[in-house]
Amino acid sequence: MEQYLFGCRLEQDILDLDQTMEHLQQALNFTAHVAYRRGIILFVSRNRQFTHLIESMARDCGEYAHCRYWQGGLLTNANVQYGKGVRLPDLIVFLSTLNNVFQQHVAVRDAAKMNIPTVGIVDSNCNPSLLTYPVPGNDDSGPAVELYCKLFRMTINRAKDKRRQMEILYGLKSQND
Amino acid sequence: MSKMAASSGRALKSFVQGCCGCSSVILPSIARNVILQKPAVTVLARLVCTSSTLQRKNIAAAGPEKYTQEFIKKQIEEFNIGKRHLANMMGEDPETFTQEGIDRAIAYLFPSGLFEKRARPVMKHPDEIFPKQRAVQWGEDGRPFHFLFYTGKQSYYSLMHCLRFIQLLERILALPYCSIEEEYIQRFRRALEVQSKKQKIEPLQYDENEVAFSIGEGRRKTATATATVRDNGSGNITVNGVDYLLYFPVLQDREQLMFPFQFLDRLGKHDMECKVTGGGRSAQAGAIRLATARALLSFITENEVESMRQAGLLTPDPRVKERQKPGQEGARRKFTWNKR
């Protein structure tokens, strides 16, 4: 995480917001593309303060959320857990990569195992190595998480609207894209 | 051109697979951008013969059989038609033929001497025979319907997103005019009260002096007790004609006797007279306690019945002395182990 830090003052790590800006743009761009191509986006966060906010945001977008206890075989043992022919998420967005015990969330590793791209907000105590699009940022404070929720919601809604427009324009009814 | 080549290649593959249990690997040896006048296809088919054991599907790992909606619908239609035929055969009216009639008819037409009732021929509605299958949770494109599907417990976690929470539900039912919303709230409730309705409450009986009394029976280990609880009393308890203080010198047994009255706050209001046989000291006390609790059911309200049931006063204790097994000294104790 040192590369993402601007510096340290009074034992408080300061993130470099220019880098955050670039990473965030890339991450949002990727999310928009996934949403445009009708992918399943799963929002994960184990921060109990924001569970309700994230779940409501996911419901409004039309995407999915998992802010509860993560059972071990959800991604890796999906056929047994849910039934045959489940479609796994095409993108997992972590609004906080740590779980309640301040260890890395199991889903990060599982998504890497199942070849699912991940976008994650990494704080200064997180490990960004397994995420495809890490976004250095604060995952603890209310205004920060609300900002992220707002940005993701905006991106996904815009992507879906654009998709609908293109479908109407070109009369596409393909379901595979 | 290439389409014809591909289709003939596929036809060859399916033909090969159909005739023998071998898998074939087909390598079309034509480059796609070559335009041919005639479909000269050189398709190499490598026959890979595998043994049948490798190809046999692991049936056990597939899980329980899945029944489709159409299959169940067809079964229901067949059941209804069969029901009418059966009614015709037995000479009864097909319109008013009940399940008991079906059971009687089947027992008559297919008499079976099997001891296991579940092994005998049975004709029931398909919903009772085929296990309920969970409906598929996702649409054609694979996207799940519920936004919390990936948590595993979607209906449980989605309750927090309802307009009303559980505490509010309870509070609403306590307010006046609750009947308006009662139906919505009942959807979340499971009928646990059904258990208390299974208690058979004997009606109160009145003896010569117009005093209400009720009789209850109880058993514990090998002791059986019959208790008569009378109203307008002052807390006298008589066991087998003897005062309870003399019959049960131990405090613990007397506490067991008093527990039902104490629970209902009716300590000095009833008289009790009981007969008890069998068992030991503690077993007799437990038997009398159960008998008293059952006798008191006639005197109290339904809510109190439910609270008594939850306190465990109405549950007969199923523990009995475990039998001794051959090769062991007691029920669990083994013989002393000798090295030689």
Side-chain angles (χ1 to χ4, degrees), chain A residues 34-35 37-46 48 51-93 107 110-111 114 116 153 156 160 163 173-177, chain B residues 3 6 10 55-73 127 130-172 184-185 187-188:
Chain A
V34 171
R37 300 181 66 170
R38 288 223 200 93
I40 295 182
I41 302 181
L42 183 66
F43 290 94
V44 174
S45 161
R46 206 57 182 97
R48 288 182 54 141
T51 299
H52 191 87
L53 173 69
I54 295 170
E55 287 185 345
S56 330
M57 184 264 290
R59 191 184 46 185
D60 296 332
C61 289
E63 298 297 339
Y64 305 86
H66 185 111
C67 304
R68 309 287 176 168
Y69 175 72
W70 181 276
Q71 279 182 311
L74 275 193
L75 291 181
T76 42
N77 204 13
N79 276 335
V80 169
Q81 289 256 338
Y82 300 119
K84 299 237 168 91
V86 205
R87 186 173 153 190
L88 287 182
D90 300 306
L91 170 66
I92 300 189
V93 179
D110 280 354
M114 305 297 290
I116 299 175
R153 183 187 7 226
I156 294 175
K160 291 191 171 170
R163 173 76 190 205
K173 283 285 176 185
S174 65
Q175 285 168 14
N176 291 330
D177 282 351
Chain B
K3 273 191 215 161
R10 246 182 275 129
Q55 285 196 339
R56 193 173 49 198
K57 286 182 205 161
N58 194 351
I59 300 171
E65 257 182 78
K66 304 260 157 71
Y67 303 108
T68 49
Q69 277 290 324
E70 305 100 36
F71 175 78
I72 301 237
K73 266 188 216 154
D127 281 341
F130 296 107
K132 289 274 179 208
Q133 308 269 327
R134 259 195 307 185
V136 181
Q137 307 269 353
W138 50 86
E140 267 185 20
D141 57 351
R143 292 188 74 114
F145 295 130
H146 203 273
F147 74 105
L148 289 177
F149 168 74
Y150 288 107
T151 55
K153 299 187 238 181
Q154 61 185 45
S155 35
Y156 175 69
Y157 291 132
S158 66
L159 273 185
M160 296 299 283
H161 291 270
C162 273
L163 287 175
R164 310 217 156 103
F165 298 86
I166 297 175
Q167 296 92 0
L168 279 181
L169 295 184
E170 304 286 328
R171 225 200 293 168
I172 283 165
Y184 176 80
I185 294 174
R187 265 202 282 148
F188 298 104

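We name chains A, B, ... by the order of the sequence lines, and we start the count at 1 in each one. Please read all numbers here as calculations on a predicted model, not as lab measurements.
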message = Need one label for A/Val44: side chain, backbone, both or neither, based on atoms under 4.5 Å from any heavy atom in chain B.
response =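 No part of A/Val44 comes within 4.5 Å of chain B.
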key: Which atoms of A/Ser56 approach chain B - backbone, side chain, both or neither, heavy atom under 4.5 Å   =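 The answer is both parts of A/Ser56.
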query = How about B/Phe71: does its CZ atom have over 12 heavy atoms from other parts shown lying under 6.0 Å from it?
reply =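 Correct, the count exceeds 12.
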request  = Provide the full list of side-chain hydrogen bond (donor to acceptor under 3.5 Å, both in side chains) pairs with a residue in residues 66-81 of chain A, sequence neighbours left out, each pair given once.
outcome  =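 Counting only pairs at least two positions apart or across chains, the side-chain hydrogen bond (donor to acceptor under 3.5 Å, both in side chains) contacts touching residues 66-81 of chain A are A/Glu55-A/Arg68.
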Could you pull out every donor-acceptor pair under 3.5 Å between side chains of residues 57-65 of chain A and any protein atom, sequence neighbours left out?
residue: A/Glu63; atom: OE1; partner: A/Ile41; partner atom: N; Å: 3.0
residue: A/Glu63; atom: OE1; partner: B/Arg143; partner atom: NH2; Å: 2.9
residue: A/Glu63; atom: OE2; partner: A/Lys160; partner atom: NZ; Å: 2.8
residue: A/Glu63; atom: OE2; partner: B/Arg143; partner atom: NH2; Å: 3.2
residue: A/Tyr64; atom: OH; partner: B/Pro144; partner atom: O; Å: 2.6

request  = Would you give the length of the straight line joining atom CG of A/Leu88 to atom OH of B/Tyr150, rounded to the nearest 0.5 angstrom?
outcome  =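 One gets 6.0 Å once the value is rounded to the nearest 0.5 Å.
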ask   = What is the distance from atom CD1 of A/Ile40 to atom CG of B/Asp141, rounded to the nearest 0.5 Å?
value =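 Interatomic distance, A/Ile40 CD1 to B/Asp141 CG, rounded to 0.5 Å: 7.5 Å.
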